[in-house]
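To start, the structure itself, in structure tokens.
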Amino acid sequence: PDPRLNQSCVLNISGVDIEEGDAIQVVPWNASCRDHNAESLQPFVQARPRAGSGSSSSWRMFDLGEPRASGPYHVCYCPWEDRCEEDRDFAKWVGTVAVIGKVRTVDPSAWDIAGGIELEVHITDLQAPIINVTFTSGGVDRPCFDMQHKFPGENHTHVSCFLPPAPDQALEDITVYASNGMYARSYEIFNRFRRGEFLYISRSLGANTGGDIVDIITTDLNAPIRLITFGGVPCYYLKLDPVYPHSRATCTTPANMLTGSVHVVVYAPNTNSATGLNAWTFFRPGIIVSVDPDRGSVHGNTRVTIINS
């Protein structure tokens, strides 16, 4: 089945006089057929699937259901006349099956193309020590370097290493290999980005009471813009460009007690950001103190004197 999805594992087994009531049982690689603990260690939803119907007695399909654990396993066979109800009934070894593991988490889950940061990777148990972690994008594999087992008792599931550099931003696959030949893989799990650059703001001056609508453009952050701040204060009514949500947005400036120039910072959820240094200036609006005279003819032509703070 497609390793990106949890799908039923269906085995096609060929042989002589395989009948519809025959059954199989899967046991761990370090156990043997007829092992009395086999059922409790069953890695699939169906502990003892029966052979499906077919037009030939030389092969049958056995549906194990979705996998519940990863690793290599033995396939043990039981003909229907042996009842196939207890572990000892499954005496014949007929082959092996391997379940690909999954990368559960990577921390951090995003970083720039320069790499060099230390990561922690958690995977499903591959029943053997981890020996390699590889990042893949554009069809090119890039092994993690300086891999270390820092976590006692977790050599099969938890490792740290330093992120390799990459030529361009992408959503990268991660593959983790174990010493028994098994591996865990998850697709497009790591967000690799170029550090953002602030390119444009539609205006650069506004009252510290806020309320000014501005358009902002950055380089591609490789994730949708989630927040824009002016002097550390979030703007509101954030609206992303439907065509370029990773780099263009409109929002309304917030109120700010300060006056003067402040940085405008655009954030994406992959930890990328773009900063416009002193890109916005807040000013305190003046107050009209007096208007003299304070009335005049509807025909205009009245000279007035206005004094403001």
Heavy-atom side-chain proximity of F230 to C251 below 4.5 angstrom
yes
Flag if over 12 foreign heavy atoms under 6.0 Å of CZ, R83
no
Relative to each other, are the rings of Y73 and F44 parallel, tilted or perpendicular (30° and 60° limits)?
perpendicular
Could you state whether V266 and V233 fall into the same hydrophobic cluster, counting links through intermediate Ile, Leu, Val, Met, Phe, Trp or Tyr residues with side-chain heavy atoms under 4.5 angstrom apart?
no
Drop me the distance from E172's CD to T134's OG1, to the nearest 0.5 angstrom.
11.0 Å
Do the ring planes of F151 and H158 sit parallel (below 30°), tilted (30 to 60°) or perpendicular (above 60°)?
parallel
Could you report the tightest heavy-atom contact between A128 and A178, atom names first, then the distance?
O-CB, 3.8 Å
Are P108 and T271 close enough that some pair of their side-chain heavy atoms sits under 4.5 Å apart?
no
Between CG of N132 and OH of Y183, what distance do you get to the nearest 0.5 Å?
13.5 Å
Verify the neighbour count for atom CD1 of I213: are there more than 12 heavy atoms of other residues, nucleotides or ligands below 6.0 Å?
no
Could you tell me whether R195 atom CZ has more than 12 heavy atoms of other residues or ligands within 6.0 Å of it?
yes
Are N180 and Q127 close enough, and set up right, to give a side-chain hydrogen bond (donor to acceptor under 3.5 Å, both in side chains), and what steps lead you there?
CA-CA 8 Å; N180 61 358; Q127 303 181 24; 5.8 Å; no
Relative to W111, does R194 satisfy both conditions: NZ or CZ under 6.0 angstrom from the six-membered ring centre, and within 45 degrees of the ring's axis?
no
